[in-house]
Amino acid sequence: MTQATWRKRSEWPLLAASIIFLGAYSVQVIGNTEAPVVEVLVWGTWVVFAADYAVNLWLAPQRGRWFLRNLHELAIVALPALRPLRLLRLVTLLRVMHGIGGNALRGRILTYVLGSAVLLVYAGALAILDVEADDPGANVTNIGDAIWWAIATITTVGYGDYYPVTVLGRCVAVGLMIGGIAVLGVVTASVASWMVESVAGEAVTEMEAAESPVREELRQLTAKVERLTALLEERGLPASGPALEARDSLAP
């Protein structure tokens with residue numbers, strides 16, 4: 001068993017665990033409930049994530065290097081408030097939606113970024129509601145206000161009508177701001193790249209359309225010169241001189 005094999009085999013089970021966790025965590029936060037069933041689902045999926053991290057660490061060829069390069073994986077397992085970010089594994093499903101190629105690659109990137117943005121907004125809304133709802137001075141007290149705040153924050157708009165008052169809430173806000181800048185940057189770069197490619201493609205098409213009549217005329221002239229050369233050779237005249245030079249000069 002190699003780490004790559006484990007990752008491939010555990011992809012779908014982790015996806016299922018992520019969806020279950022998101023549903024249970026949403027019920028827990030939005031419904032403000034500590035129902036035993038919800039608690040079992042939350043902690044059960046956490047055990048799955050922790051086991052996946054432990055197996056990956058054990059199978060890593062260079063454990064120390066893998067550990068340092070995947071501290072975010074440890075944070076997702078160790079910090080309950082960050083556990084919804086495990087749902088970023090959902091983006092692995094997007095690979096089957098695109099083929100191989102430049103446009104397909106851009107489509108995968110754009111879909112990945114937009115999917116991540118939606119996920120960050122919802123996870124951020126749940127996180128801010130979880131840490132703010134019970135604070136006496138909080139103004140984010142329901143999921144609607146939390147989603148509105150998350151959208152305004154991730155787009156770096158920041159209307160100021162809703163804002164976090166706790167330290168953890170402000171940490172969530174900082175993470176959303178950084179994520180928003182990254183998401184908007186990638187989306188802008190993808191759109192700009194697509195526009196440049198589109199303009200370049202149109203320019204090539206127009207150039208080929210403009211050159212097409214010239215090439216057709218050149219082909220016809222070449223054919224006439226070849227017929228003239230053949231006629232001269234049939235009459236025993238040397239196929240040289242201006243006619244042959246003209247044929248060679250017109251040859252593509």
Side-chain angles (χ1 to χ4, degrees), residues 1-22 24-25 41-102 104-124 126-128 130-131 153-154 156 167-190 193:
M1 173 72 70
T2 63
Q3 188 182 45
T5 303
W6 169 260
R7 282 183 174 273
K8 186 175 181 180
R9 292 181 179 179
S10 63
E11 183 175 290
W12 286 99
L14 287 173
L15 171 61
S18 299
I19 295 175
I20 293 172
F21 173 78
L22 179 63
Y25 187 68
L41 289 176
V42 169
W43 286 105
T45 54
W46 179 84
V47 169
V48 174
F49 300 149
D52 173 64
Y53 176 83
V55 173
N56 273 290
L57 181 59
W58 177 259
L59 295 177
Q62 299 178 350
R63 295 191 182 96
R65 186 175 182 182
W66 187 89
F67 175 80
L68 293 176
R69 289 190 173 185
N70 293 273
L71 291 176
H72 62 285
E73 296 275 353
L74 178 61
I76 290 171
V77 172
L79 302 177
L82 297 182
R83 283 203 305 270
L85 297 182
R86 175 62 75 172
L87 286 170
L88 289 175
R89 288 181 178 273
L90 288 170
V91 300
T92 57
L93 293 179
L94 301 177
R95 296 177 184 175
V96 300
M97 299 172 58
H98 304 282
I100 299 175
L105 178 61
R106 184 178 299 107
R108 289 199 301 271
I109 293 175
L110 191 58
T111 306
Y112 170 88
V113 171
L114 293 178
S116 298
V118 173
L119 183 59
L120 282 173
V121 166
Y122 187 67
L126 287 178
I128 199 70
D130 192 15
V131 300
T153 302
I154 199 172
T156 67
V167 174
L168 285 179
R170 290 171 182 171
C171 290
V172 173
V174 170
L176 276 179
M177 292 173 193
I178 296 174
I181 293 173
V183 166
L184 292 178
V186 174
V187 171
T188 302
S190 298
S193 176

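All values below were derived from every heavy atom in this structure, side-chain atoms included, with hydrogens, water molecules and symmetry-related copies excluded. Values in this document were obtained by computation on a predicted structure and should not be read as measured data.
Looking at N70 and Y53, their side chains never bring a donor and an acceptor atom within 3.5 Å of each other.
Rounding to the nearest 0.5 angstrom, the gap separating the OG1 atom in T5 from the CG atom in L59 is 9.0 Å. One distance of note links CG of L22 with OG1 of T45; it measures 10.0 Å at 0.5 Å rounding. Atom CD of Q3 and atom CG of L57 lie 9.0 Å apart (nearest 0.5 Å). In this structure, the separation between CD1 on I154 and CD1 on I181 is 10.5 Å, given to the nearest 0.5 Å.
Y25 and F21 have parallel rings, their planes meeting at less than 30° on a 0 to 90° scale where 60° marks the start of perpendicular.
Using a 4.5 Å heavy-atom threshold, the side chains of L168 and D130 count as separate.
For the pair V42 and A24, the tightest heavy-atom approach, listed with the atom from each and the gap, is CG2-CB, 3.8 Å.
Side-chain N or O atoms of N56 include one that pairs as donor or acceptor with a backbone N or O of D52 at under 3.5 Å.
In this structure, R63 places its CZ atom where more than 12 heavy-atom neighbours from other residues, nucleotides or ligands lie under 6.0 Å away.
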After noting the C-alpha distance and the side-chain angles of V172 and T153, does the key distance pass the side chain to side chain contact (heavy atoms under 4.5 Å, CB included) rule?
CA-CA 10 Å; V172 173; T153 302; over 6 Å; no

